[in-house]
A.B. asks: 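Take this structure, written in structure tokens, and hold onto it; I'll ask about it next.
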Amino acid sequence: MDHGKTVVAIIAAYKAVKSGYQMAIMAPTAILANQHMEEFSKILNEFGIKCELLISGITKKKKEDILQRLENGEIDVLIGTHAILEENVVFKNLGLVVTDEQHRFGVRQRKIISKKGNNPDVLVMTATPIPRTLALILYGDLDISIIDELPPNRKKIDTIAVTKGLTDRVNNFIKKQIDEGRQCYIVCPLVEENEEMDLKSVIELAELYKNEVFSDYKVEYLHGKMRPKEKDAIMEEFKQGNIDILISTTVIEVGVNVPNASIMVVENAERFGLAQLHQLRGRVGRGEYKSYCILKYQGNSETIRERMKVMQDTNDGFVISEKDLELRGSGEFFGTKQHGLPEFKIANLFQDMPMLKQVQSVAYKILQKDPKLETKENEKLRKMTKEKFENRLEI
């Protein structure tokens, strides 16, 4: 079983279906949708609950069959990618919508799928430890619950930060682990400004590892420019244990479960945010084997050293994400720039939380009374909101 949130979704599905409703779960990639399908059907089949998978790769005939059974109500739980959002996907009685890794789906997509039912309940799940502070602002319209315990048998991952000088020792350690039957991820950062150069350096590194350093082992690499089918095929090979070392530029798919992988090496770890490093670390330690996260970093600044120390000292995603916010500011954190959060001119997310909480409850009261901000007293507020969010709100 993956982590706690999957179990929560399965229990919610059971309750929804037994109450006479259908449920839809939307995952950002085909790999994750497949994984959910396996996990959901394994448990729910025993209760006579029918799960089905809808992703873009299926045959036309199969798709037509699924759509018909969905509309008839023969399918209880539909698991899929954004293929679920298409117009011809019609439910008989949709009562629960679950989105996994919500930050990949815009609010608009959530709306589209909600409209396929009569005001269905919505459950939004993420493994990304969003600081509680930021969560209040990003998800102010939702009730937030946090699972902060590790599943049983999940072993603590040792995190070691090393400078480039220790590369040989790291490589020998990787070989030793693979010789014992384990697998290894190596992740390289991509910096948006110069993707071509980054890709070149990743390919060079992959070639060096493939042909020289780890020439006795099966090495493959993944990068963002590959077609989804290629990525899925390589990921599947890795899951099956046919690849020893997987080098990747993209953040390895959140949620992919390879219990046999016991080492995560992050090249140039100083170029990742702490929350990202924590996400990557969570790809290992998912089986019965002792696991390690090795952060290779360059540079000797105070901030870099402090960030590496945080990663070595704690495995608590929330502590890490709060620290990330403190060290990097809200605009940088978790790509909030794309999140449509305006930069705060006065408030500091980190220090002014009590005040922001107050503001949130005031905002909630105003919206209860005057949802479209049409009254005289809210005129200025409407004007400011319109200026700040012109392109993002339907005002």
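These values consider heavy atoms only, across backbone and side chains, with no hydrogens, waters or symmetry-generated copies. Computed from a predicted model, the values in this text were never measured in an experiment. Numbers for residues simply follow the sequence, beginning at 1.
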A.B. asks: Taking Asn260 for its side chain and Gly181 for its backbone only, find out whether a donor-acceptor pair lies under 3.5 Å.
C.D. replies: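 Flag set: sc Asn260 to bb Gly181 pair under 3.5 Å.
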A.B. asks: Using the rule given for side chain to side chain contact (heavy atoms under 4.5 Å, CB included), can you reason through Met235 versus Glu237, listing the C-alpha separation, both sets of side-chain angles and the distance that settles it, and then say yes or no?
C.D. replies: CA-CA 5 Å; Met235 211 51 237; Glu237 284 286 285; over 6 Å; no
A.B. asks: Sub-3.5 Å donor-acceptor pair from the side chain of Asp370 to the main-chain atoms of Ile366, do we have one?
C.D. replies: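 A pair under 3.5 Å: no.
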A.B. asks: Salt-bridged, Lys42 to Glu38, with N to O below 4.0 Å?
C.D. replies: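 No, no charged N to carboxylate O under 4.0 Å.
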A.B. asks: Hey, does Lys156 have a side-chain heavy atom less than 4.5 Å from the side chain of Asn315?
C.D. replies: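 Yes - at least one pair of side-chain heavy atoms lies under 4.5 Å apart.
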A.B. asks: Side chain of Asn378, backbone of Leu381: donor and acceptor closer than 3.5 Å?
C.D. replies: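 The answer is no, because no donor-acceptor pair under 3.5 Å joins these two groups.
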A.B. asks: Of all the heavy-atom pairs spanning Val266 and Leu277, show the shortest one and how long it is.
C.D. replies: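 Of all heavy-atom pairs spanning Val266 and Leu277, the closest is CG1-CD2, 3.8 Å.
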A.B. asks: Closer than 4.0 angstrom, basic N to acidic O: yes or no for Lys5 and Asp100?
C.D. replies: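 Looking at Asp100 together with Lys5, the answer is yes, because their closest N to O distance falls below 4.0 Å.
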A.B. asks: Is it true that Glu87 and Lys116 make a salt bridge, defined as a side-chain N closer than 4.0 Å to a carboxylate O?
C.D. replies: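 Salt bridge flag = no for Lys116 with Glu87.
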A.B. asks: Do Glu64 and Lys60 meet the salt-bridge criterion of a basic N to acidic O distance under 4.0 Å?
C.D. replies: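 Glu64 and Lys60: salt-bridged.
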A.B. asks: Between Asp316 and Ile320, is any pair of side-chain heavy atoms under 4.5 Å apart?
C.D. replies: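 When only atoms from C-beta onward are counted, Ile320 and Asp316 do not touch, as no gap falls below 4.5 Å.
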A.B. asks: Supply the atom-to-atom distance Ser248 OG to Glu220 CD, rounded to the nearest 0.5 angstrom.
C.D. replies: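 So the gap between those two atoms works out to 12.0 Å.
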A.B. asks: Where is the tightest heavy-atom contact between Val122 and Ser114, given as atom of each residue plus distance?
C.D. replies: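 Scanning both residues, the minimum pair turns out to be CG2-OG, 3.5 Å.
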A.B. asks: Determine whether Met384 and Leu373 fall in the same hydrophobic cluster, where Ile, Leu, Val, Met, Phe, Trp and Tyr are linked whenever their side-chain heavy atoms lie under 4.5 Å apart.
C.D. replies: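 Result: no, two separate clusters.
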A.B. asks: Answer with yes or no whether the side chains of Ser262 and Gln177 bring together a donor and an acceptor at under 3.5 Å.
C.D. replies: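 Yes - a donor-acceptor pair under 3.5 Å links their side chains.
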A.B. asks: Is there a donor-acceptor pair under 3.5 Å between the side chain of Ser19 and the backbone N or O of Lys15?
C.D. replies: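 Checking the backbone N and O of Lys15 against the side chain of Ser19, a donor-acceptor pair under 3.5 Å is found.
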A.B. asks: Which heavy atom of Thr81 sits nearest to which heavy atom of Ala30, and what is that distance?
C.D. replies: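 Taking Thr81 first and Ala30 second, the nearest heavy atoms are CG2-N, 3.6 Å.
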A.B. asks: Does the gap between the ring centers of Tyr185 and Phe238 come in under 6.0 Å?
C.D. replies: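 Judged by ring-centre distance (under 6.0 Å), Tyr185 and Phe238 do meet the cut-off.
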A.B. asks: Just to verify, which of Lys63, Arg69, Lys61, Lys62 counts as forming a side chain to side chain donor-acceptor pair (under 3.5 Å) with Asp65?
C.D. replies: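 Result: among Lys63, Arg69, Lys61, Lys62, Arg69 is the only option passing the side chain to side chain donor-acceptor pair (under 3.5 Å) with Asp65.
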A.B. asks: Which value, rounded to the nearest 0.5 Å, describes the distance between Cys188 atom SG and Leu222 atom CG?
C.D. replies: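 Answer rounded to 0.5 Å: 11.0 Å.
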A.B. asks: Between Arg281 and Thr159, is there a donor-acceptor pair closer than 3.5 Å when you use the side chain of the first and the backbone of the second?
C.D. replies: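 Checked: no pair found.
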A.B. asks: What distance separates Leu295 CG from Glu267 CD, expressed to the nearest 0.5 Å?
C.D. replies: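 Here the interatomic distance stands at 11.0 Å.
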A.B. asks: Is the side chain of Lys175 donor-acceptor paired with the backbone N or O of Val213 at a distance under 3.5 Å, no angle test?
C.D. replies: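 At least one qualifying donor-acceptor pair exists.
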A.B. asks: When you check the gap from the basic side-chain N to the acidic O, do Glu236 and Lys239 get nearer than 4.0 Å?
C.D. replies: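 Not counted as a salt bridge, because no side-chain N and carboxylate O are separated by less than 4.0 Å.
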A.B. asks: Between Glu39 and Gln35, do the side chains contain an N or O donor and an N or O acceptor separated by less than 3.5 Å?
C.D. replies: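 On atom types as modelled, these side chains do not qualify, holding no pair under 3.5 Å.
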A.B. asks: Is the shortest side-chain heavy-atom distance between Lys92 and Glu71 below 4.5 Å?
C.D. replies: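 Lys92 vs Glu71: side chains apart.
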A.B. asks: Under the side chain to side chain donor-acceptor pair (under 3.5 Å) rule, collect the residues that match up with Ser291, sequence neighbours excluded.
C.D. replies: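 Ser291: no side chain to side chain donor-acceptor pair (under 3.5 Å) contacts found.
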A.B. asks: Any non-hydrogen side-chain atom of Val187 less than 4.5 Å from a side-chain atom of Met264?
C.D. replies: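 SC-SC contact between Val187 and Met264 confirmed.
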A.B. asks: Kindly write out the residues that satisfy side chain to side chain donor-acceptor pair (under 3.5 Å) with Asn300, not counting sequence neighbours, or none if the list is empty.
C.D. replies: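 Scan of Asn300 (side chain to side chain donor-acceptor pair (under 3.5 Å), adjacent residues dropped) gives Arg305.
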A.B. asks: Gln22 and Asp76: side-chain donor and acceptor closer than 3.5 Å?
C.D. replies: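 No, no side-chain donor-acceptor pair sits under 3.5 Å.
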A.B. asks: To the nearest 0.5 angstrom, please state how far the CG atom of Asp232 sits from the CD atom of Glu230.
C.D. replies: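 If we round to the nearest 0.5 Å, Asp232:CG and Glu230:CD are 10.5 Å apart.
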A.B. asks: Taking the side chain as every heavy atom from C-beta outward, state whether Leu67 and Val90 have any atom pair closer than 4.5 Å.
C.D. replies: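 Not touching, per the 4.5 Å side-chain cut-off.
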A.B. asks: Could you give me the CA-CA distance, side-chain angles and deciding distance for Glu379 and Lys383, then say whether salt bridge (Lys or Arg N to Asp or Glu O under 4.0 Å) is met?
C.D. replies: CA-CA 6 Å; Glu379 202 176 329; Lys383 194 164 168 276; over 6 Å; no
A.B. asks: Do any N or O atoms from the side chain of Asn268 and from the backbone of Arg271 form a donor-acceptor pair under 3.5 angstrom?
C.D. replies: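 No, because the side chain of Asn268 does not come within donor-acceptor range (under 3.5 Å) of the backbone of Arg271.
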A.B. asks: When you measure from the side chain of Asp244 to the backbone N and O of Gln183, does any donor-acceptor pair fall under 3.5 Å?
C.D. replies: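 Answer holds: no.
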A.B. asks: So, do Thr6 and Phe40 sit near enough that their side-chain heavy atoms are less than 4.5 Å apart?
C.D. replies: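 Answer yes - side chains close enough.
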A.B. asks: Can you list everything that forms a side chain to side chain donor-acceptor pair (under 3.5 Å) with Asn93? Sequence neighbours excluded, please.
C.D. replies: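 Side chain to side chain donor-acceptor pair (under 3.5 Å) check on Asn93 returns nothing, list empty.
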A.B. asks: Do Asn34 and Ile55 make a side-chain contact, defined as non-hydrogen atoms from C-beta onward lying under 4.5 Å apart?
C.D. replies: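 Result yes, sub-4.5 Å side-chain heavy-atom pair found.
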A.B. asks: Please report the interatomic distance CD1(Ile186) to CG(Leu205), rounded to the nearest 0.5 Å.
C.D. replies: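 Separation between the atoms: 7.0 Å.
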A.B. asks: Would you please say whether a donor-acceptor pair under 3.5 Å links the side chains of Asn118 and Tyr21?
C.D. replies: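 Side chains of Asn118 and Tyr21: no pair found under 3.5 Å.
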A.B. asks: Are any of the side-chain nitrogens in Lys290 or Asp158 under 4.0 Å away from the carboxylate oxygens of its partner?
C.D. replies: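 Yes, this pair counts.
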A.B. asks: Looking at Lys50 and Glu74, is there a salt bridge between them, counting it only when a charged N and a carboxylate O are closer than 4.0 Å?
C.D. replies: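 Salt bridge: no.
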A.B. asks: Any side-chain to backbone donor/acceptor pair from Arg307 onto Phe272? Under 3.5 Å, distance only.
C.D. replies: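 Confirmed, Arg307 side chain pairs with Phe272 backbone.
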A.B. asks: Restricting to non-hydrogen atoms, name the atom on Met37 and the atom on Cys51 that form the minimum distance, rounded to 0.1 Å.
C.D. replies: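 Scanning both residues, the minimum pair turns out to be CE-O, 3.3 Å.
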A.B. asks: Considering all heavy atoms of both residues, which atom of Ile84 and which atom of Ile25 are nearest to each other, and what is their separation?
C.D. replies: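 Result for this residue pair: CD1-O, 3.5 Å.
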A.B. asks: Could Glu306 and Lys323 be called an ion pair, given the rule that one side-chain N must be under 4.0 Å from one carboxylate O?
C.D. replies: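 Judged by the 4.0 Å cut-off on N to carboxylate O distance, Glu306 and Lys323 do form a salt bridge.
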A.B. asks: With rounding to the nearest 0.5 Å, note down the distance linking CE in Met26 to NE2 in His82.
C.D. replies: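 The CE atom of Met26 sits 9.0 Å away from the NE2 atom of His82.
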A.B. asks: May I ask you to test the Phe173-Ile294 pair for a side-chain heavy-atom distance under 4.5 Å?
C.D. replies: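 The answer is yes; the side chains approach within 4.5 Å.
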A.B. asks: Please answer: with hydrophobic residues joined when any side-chain heavy atoms are less than 4.5 Å apart, are Ile174 and Tyr289 in the same cluster?
C.D. replies: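 No; tracing contacts between hydrophobic side chains, which count when under 4.5 Å, never links both residues.
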A.B. asks: Is there a donor-acceptor pair closer than 3.5 Å between any side-chain N or O of Gln312 and the backbone N or O of Ala161?
C.D. replies: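 Yes: the side chain of Gln312 pairs with the backbone of Ala161.
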